[in-house]
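Step one of this worksheet: look at the structure below.
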Protein chains: 2
Amino acid sequence: MNRQGVEGRGRALGETVGDEIRRLLVEGELVPGQRLSESALGERLGVSRNTLREAFRGLAHEGLVTHRPNRGVFVTTPSLASLVDIYRLRRFIECQALREAVPGHPAGQRMRTAIEQARDGRERQDWQAVGSSNMAFHAAIVSLADSPRLDAFFRQVSAELRLAFGMLSDQEWLHGPYVERNLHVLEAFEGGDPAQAATLLEQYLSQSERTLLAAYARDNPAD
Amino acid sequence: MNRQGVEGRGRALGETVGDEIRRLLVEGELVPGQRLSESALGERLGVSRNTLREAFRGLAHEGLVTHRPNRGVFVTTPSLASLVDIYRLRRFIECQALREAVPGHPAGQRMRTAIEQARDGRERQDWQAVGSSNMAFHAAIVSLADSPRLDAFFRQVSAELRLAFGMLSDQEWLHGPYVERNLHVLEAFEGGDPAQAATLLEQYLSQSERTLLAAYARDNPAD
DNA sequence: TTGGTGTGATTGTTCAACAATAGAGATGTT
DNA sequence: AACATCTCTATTGTTGAACAATCACACCAA
């Protein structure tokens, strides 16, 4: 009788549920602030409350979901403070990864493919795809540091940021302009000038932050 | 009938169980490689299997515990690779935090108190206390970056590292020599020379890494 | 309006059950 | 003895039902 809504994978456990919810999250099916009822969501995914609760724990740990004791779990509503924190982090991590990277690191290839995919998405006006590719580009930058733990951490922060992007309108304006700037960074890096690449990236991130904060303030006047 | 072994806190949930296990972990009551049976540990802590499982999820997410599907959860045995990764990370994060810190940052005070506590511990030959204070010192360095997320990440990595220290003998040699070096770093920093402080810290961490890896190799010849 | 008070819905936690799996031991073959 | 195969068993994976604890809200009194 088990594993109905989630198709039966042999290997994994109800951990698949976590992935499933994550997917609903980045696809915007579940929006920030929304309450995730244990019984309702459990029924929808075809799992029991206990299993769902386990999944919630992981998601809460990643910050995608917020647990208010005795009240339930809610899709995290990114605060202005958290956005500022995330961008501070990104500058801190990405710029140094770029600056200290060994030349010819294989991640350069991943950066290049990410840019190409972003271009594809832009042509199709698929801004969600552009956003994903964009994040892949930055994840590649982080991977220059060759630290699995740092990669995992960045992946987590990205997901949280993704949540914020999802709650805003004007996706084109948020993602579009950065495709070409990614390319500039890559060119500086592969041209053997990591310091210059880091400087470009720093400006890039600061501008991106301003844009995001402005959009946030516009869409959430209450805050 | 609930909440027996774990004394009944009114506000929190079986999440207390996570803290409890964490405590057992850093105190060395639970050693790396050990299997954590759901029924046994559940009985010992006075919680049900389901509640315990929820706690396991969080711990696994922090890397303190490793989940092998259908086989159970085990206290993580830090690998050589993970130690190398952790030290790479520490150099990456701590040195830059120090380098970019604003002068007169309040965390300087926390660094100073940590050093004093480490000295106390050293006098009492309480090497576990020295290790804790040492970590507090480095956490203070990270907090110079003013990023809650980075702080949380570092706390997590520290706990994992702590696990590794716990499995080694020769605690005095691992912790003792660094108390004074912490002071040198602090002095350089408060003397207004962050670059010098970062350089000192870098050497410090590299030496600490060598010592740790050597001890690890000695105690785990199999690896 | 302000301040209780009950009431219903949801979470927190336990328990008992069963399916699924890995590992150990037993069996049999060469 | 070495090896593959086959039970068998203990443990995990997951469920559903139960009940206690807690919160949100409507209702009512002053």
Side-chain angles (χ1 to χ4, degrees), chain A residues 1-22 24 30-61 63-77, chain B residues 1-22 24 30-61 63-77:
Chain A
M1 181 192 293
N2 61 21
R3 213 50 62 55
Q4 318 151 0
V6 177
E7 87 239 3
R9 317 270 218 81
R11 45 159 266 303
L13 63 172
E15 174 160 8
T16 326
V17 175
D19 298 341
E20 185 71 4
I21 298 177
R22 239 179 300 263
L24 295 177
L30 266 28
V31 304
Q34 180 175 352
R35 170 154 158 275
L36 301 180
S37 150
E38 295 186 350
S39 30
L41 191 54
E43 183 148 4
R44 171 170 173 186
L45 298 176
V47 298
S48 77
R49 275 181 64 208
N50 280 314
T51 303
L52 187 58
R53 267 168 146 268
E54 272 187 47
F56 278 163
R57 271 304 183 90
L59 295 168
H61 212 275
L64 294 179
V65 122
T66 302
H67 184 172
R68 265 111 118 200
N70 286 315
R71 309 222 272 117
V73 317
F74 300 73
V75 180
T76 301
T77 303
Chain B
M1 182 193 293
N2 62 21
R3 211 51 60 58
Q4 319 151 1
V6 177
E7 88 239 2
R9 316 272 219 77
R11 48 165 264 300
L13 64 173
E15 175 159 7
T16 326
V17 175
D19 298 341
E20 185 70 5
I21 298 178
R22 241 179 298 264
L24 295 177
L30 266 28
V31 304
Q34 182 174 350
R35 170 154 160 275
L36 302 179
S37 150
E38 296 185 349
S39 30
L41 191 55
E43 183 147 3
R44 172 169 173 186
L45 299 176
V47 298
S48 77
R49 275 181 65 207
N50 281 313
T51 303
L52 187 58
R53 270 169 143 269
E54 271 187 46
F56 278 163
R57 271 305 184 91
L59 295 167
H61 212 276
L64 294 179
V65 122
T66 303
H67 184 174
R68 267 112 118 199
N70 287 313
R71 309 222 270 118
V73 317
F74 300 74
V75 180
T76 301
T77 303

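On a predicted model such as this, the values are computed, not experimentally measured, just so you know. Here is how names work: the chains are called A, B, and so on, in the same order as the sequence lines, proteins then strands, and each is numbered from 1.
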Atom [atom1] of [X] to atom [atom2] of [N]: distance rounded to whole Å?
X: A/Asn50; N: C/dA17; atom1: CG; atom2: P; result: 16 Å
X: A/Arg53; N: C/dT14; atom1: CZ; atom2: C1'; result: 12 Å
X: A/Phe56; N: C/dG12; atom1: CZ; atom2: P; result: 10 Å
X: B/Glu15; N: C/dT11; atom1: CD; atom2: P; result: 16 Å
X: A/His67; N: C/dT11; atom1: NE2; atom2: P; result: 9 Å
X: B/Arg49; N: C/dT14; atom1: CZ; atom2: C1'; result: 12 Å
X: A/Leu52; N: D/dT14; atom1: CG; atom2: C1'; result: 13 Å
X: B/Phe74; N: D/dT11; atom1: CZ; atom2: P; result: 12 Å

How far does the helix from C/dT1-D/dA30 to C/dT30-D/dA1 bend, going by the axes of its first and last five pairs, to the nearest 10°? 0°
Side chains of B/Arg35 and B/Arg71, heavy atoms from C-beta outward: is any pair under 4.5 Å?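 Not in contact.
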Can you give me the N/O atom pairs linking the protein to nucleotides 6-10 of chain C at distances under 3.5 Å, or say none if there are none?
from	atom 1	to	atom 2	distance (Å)
C/dT10	O3'	A/Arg35	NH2	2.6

Looking only at heavy atoms, the pair that brings B/Val47 and B/Val17 closest together is CG1-CG2, 3.6 Å
Shortest non-hydrogen contact from B/Ala55 to B/Gly18? CB-N, 4.0 Å
In chain order, what residues pass the side chain to side chain contact (heavy atoms under 4.5 Å, CB included) check against B/Leu41, with sequence neighbours excluded?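 B/Leu41 satisfies side chain to side chain contact (heavy atoms under 4.5 Å, CB included) with B/Ile21, B/Leu36, B/Arg44, B/Leu45, B/Leu52, B/Phe56 only.
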Side chain to side chain contact (heavy atoms under 4.5 Å, CB included) against A/Ser39, all qualifying residues, sequence neighbours excluded: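 Side chain to side chain contact (heavy atoms under 4.5 Å, CB included) list for A/Ser39, sorted by chain: A/Ser37.
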Could you please spell out the steps behind the side-chain contact (heavy atoms from CB on, under 4.5 Å) verdict for B/Glu15 and A/Arg57? CA-CA 10 Å; B/Glu15 175 159 7; A/Arg57 271 304 183 90; 3.7 Å; yes
Within a reach of under 6.0 Å around CD of B/Glu43, are more than 12 heavy atoms found that belong to other residues, nucleotides or ligands? no
D/dT15, C/dG12, D/dT14: which one has an atom nearest the side-chain heavy atoms of A/Val47?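 Looking only at heavy atoms from C-beta outward on A/Val47, the closest nucleotide is D/dT15.
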Of all residues at least two apart in sequence or in a different chain, which pass the salt bridge (charged side-chain N to carboxylate O under 4.0 Å, His left out) check with B/Arg53?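 Only A/Glu54, B/Glu38 meet the salt bridge (charged side-chain N to carboxylate O under 4.0 Å, His left out) criterion with B/Arg53.
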For A/His67, all residues meeting ring-ring contact (aromatic ring centres under 6.0 Å, His included), sequence neighbours excluded: none
Distance test, side-chain N/O of A/Thr51 to OP1/OP2 of D/dG13, below 4.0 Å: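 For D/dG13, neither OP1 nor OP2 has a side-chain N or O of A/Thr51 closer than 4.0 Å.
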